[in-house]
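No experiment lies behind these values; they were computed from the predicted model shown. Naming: A, B, ... by sequence-line order, numbering from 1 per chain.
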Number of protein chains: 2
Amino acid sequence: MANAAMKNDKDPAGLPEYGELDGIVGFHIRLAHGAVYRHFTETFAELELTQKQVSVLWLLGENPGASQIEIGNRLRMDRATTMTIVNRLQERGYLRRERSSSDGRKQALHLTPEGEKALAEAKVCIRSHEEWLKSRFSAQEIEKLVEMLGRIHE
Amino acid sequence: MANAAMKNDKDPAGLPEYGELDGIVGFHIRLAHGAVYRHFTETFAELELTQKQVSVLWLLGENPGASQIEIGNRLRMDRATTMTIVNRLQERGYLRRERSSSDGRKQALHLTPEGEKALAEAKVCIRSHEEWLKSRFSAQEIEKLVEMLGRIHE
DNA sequence: GCATGATTGTATGCTCTACTAACGATTTCG
DNA sequence: CGAAATCGTTAGTAGAGCATACAATCATGC
């Protein structure tokens, strides 16, 4: 399978090798994100909620009456992307739009009782998802990891 | 920053706050990934290459003759996803498919001269992209970060 | 050797996310 | 007041991921 001029397809354990790519930080962030994404999707398969949907529900639970633009800014989504997510949540009856009294351009978003219920269920799933993720680190490492990730996205 | 009952929409500098979400590790991974993704897209706007495309070109440059399944395994992509990316690269003339002599089911993938050229240009862009990413860390921090990310995706 | 199952590539379709461009309504500012 | 900026909305484009189904090839066991 391997000769002098060419690398192995896999190491003996069947895990892939990355060659030079292994030195690229962005590459590892993408792989880690993919792994988290896949586990999240499994965890939330029954609830049929995506990461973005949960994030919007979560923020709305803490900030009732927030506008779409505010939600979008927090999650680094543009207006159009925020729209599609809010639309889906509204179609499922998890939130309602109200005209903002202070600014006629804005829609104040509020969770419905169904939305509150979905958020509560989602938080349970998030707990086990986070447990899966955090289990490989010490508390100190987690703090350091989050701090370093913050330096990237802030 | 926060009062007892409710969080502000933004801090004085206009940066969003996350409330409870701030304690979720997966949330920070997703935000960091998004930031890296956006910068990558800007950096590669002229070359019109995506992260996945660059990764495939890169692996193919180091592993000429690799099959689609091998490339997919390395990058944690399923066969269908790998197909679409290989198709695009082939349409642009960056690689060619050859029937594997050792296994009739496999296609041996090879970079074309245009593909080699694109890869060389991509590596230059990767260098500046990585510079942007790494500039906020010390060498020791980078090593720790990559090691921790590896614990997630390995 | 041959039937069976596994692997690989391919094709199709669906979903989610992200971005652009345009438009109307509203607010804000000069 | 008029002009510029903001917010929501709609429409279109695109990448990426996944599931399913099918054909060709390989590997295995009988």
Side-chain angles (χ1 to χ4, degrees), chain A residues 1 9-10 14 30-31 33-42 44-45 47-56 65-92 95-109, chain B residues 9-10 14 30-31 33-42 44-45 47-56 65-73 75-92 95-109:
Chain A
M1 178 168 283
D9 293 332
K10 302 181 175 188
R30 212 144 46 68
L31 283 183
H33 171 261
V36 172
Y37 171 80
R38 278 187 291 274
H39 186 269
F40 187 102
T41 303
E42 289 174 22
F44 281 80
L47 286 182
E48 291 189 347
L49 286 171
T50 67
Q51 291 180 331
K52 290 294 186 192
Q53 289 171 353
V54 171
S55 296
V56 170
S67 67
Q68 289 183 188
I69 208 76
E70 288 160 355
I71 296 294
N73 283 344
R74 278 190 174 78
L75 301 177
R76 304 290 198 278
M77 305 184 299
D78 66 5
R79 285 173 296 163
T81 302
T82 306
M83 266 284 303
T84 68
I85 294 170
V86 169
N87 281 347
R88 261 195 293 274
L89 291 174
Q90 188 182 32
E91 287 166 11
R92 294 173 62 171
L95 61 80
R96 62 177 200 280
R97 288 172 157 101
E98 280 181 7
R99 196 139 214 102
S100 169
S101 54
S102 61
D103 189 333
R105 297 167 300 184
K106 293 184 180 179
Q107 300 269 26
L109 303 178
Chain B
D9 292 333
K10 301 182 176 189
R30 212 145 46 68
L31 283 182
H33 172 262
V36 172
Y37 172 80
R38 278 187 291 275
H39 186 270
F40 186 101
T41 303
E42 290 174 22
F44 281 80
L47 287 182
E48 293 189 346
L49 287 172
T50 66
Q51 291 181 331
K52 290 294 185 192
Q53 289 169 354
V54 171
S55 296
V56 170
S67 67
Q68 289 184 189
I69 209 75
E70 288 160 355
I71 296 294
N73 283 344
L75 301 176
R76 304 290 199 279
M77 304 185 299
D78 65 7
R79 285 174 296 161
T81 303
T82 307
M83 262 281 303
T84 66
I85 293 170
V86 170
N87 281 347
R88 262 195 292 274
L89 291 173
Q90 187 181 32
E91 287 165 12
R92 293 174 61 171
L95 60 79
R96 64 178 197 280
R97 288 170 155 104
E98 279 182 10
R99 196 135 216 106
S100 169
S101 54
S102 62
D103 189 335
R105 296 168 299 183
K106 293 185 179 180
Q107 300 269 26
L109 304 178

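In this structure, NE2 of A:His39 is placed 18 Å from P of D:dG17, rounded to the nearest angstrom. Atom P of nucleotide D:dC7 and atom NZ of A:Lys106 are separated by 6 Å, given to the nearest angstrom. Remark: C1' of D:dA19 and CZ of B:Arg79 are 11 Å apart, rounded to the nearest angstrom. Atom OH in B:Tyr37 sits roughly 17 Å away from atom P in C:dC16 (whole-Å rounding). D:dG17 atom C1' lies 14 Å from atom CG of B:Leu75, rounded to whole Å. For B:Asp78 and C:dT8, the CG to P distance is 13 Å, given to the nearest whole Å. Between B:Gln53 atom CD and D:dA14 atom C1' the separation is 11 Å, expressed in whole Å. A:Ile85 places its CD1 atom 16 Å from the P atom of C:dT15, with the value rounded to the nearest Å.
The side-chain heavy atoms of A:Arg79 and A:Gln68, taken from C-beta on, include no pair separated by under 4.5 Å. Side chains of B:Gln107 and B:Glu98 form no contact here, defined as non-hydrogen atoms less than 4.5 Å apart.
The shortest distance between the side-chain N/O atoms of A:Thr50 and the OP1/OP2 oxygens of C:dT17 is below 4.0 Å. At the phosphate of D:dT9, OP1 or OP2 sits under 4.0 Å from a side-chain N or O atom of A:Arg97. Of the side-chain N and O atoms in B:Arg88, one or more sit less than 4.0 angstrom from OP1 or OP2 of D:dA16. Contact check, A:Gln51 against C:dT17: no side-chain N or O comes under 4.0 Å of OP1 or OP2.
Using a 3.5 Å distance cut-off with no hydrogens or angles, the side chains of A:Asp78 and A:Thr81 do pair a donor with an acceptor. With 3.5 Å as the limit, one finds a donor-acceptor pair spanning the side chains of B:Arg30 and A:Ser55.
Residue B:Thr81 has its side chain nearest to D:dC18 when only D:dG8, D:dC18, C:dA18 are considered.
Nearest-nucleotide mapping onto DNA chain C: of A:Ser102 and B:Ala80, the residue sitting toward the 5' end is B:Ala80. Where A:Met77 and A:Ser101 meet DNA chain C, the nucleotide closest to each residue was compared, and A:Met77 sits on the side nearer the 5' end.
For B:Arg105 against C:dG9, a side-chain-to-base donor-acceptor contact under 3.5 Å is absent.
Heavy atoms of B:Ser67 sit under 4.0 angstrom from primed sugar atoms or phosphate atoms, though from no base atom.
Closest heavy-atom contact between A:Phe40 and A:Thr50: CE2-C, 3.5 Å.
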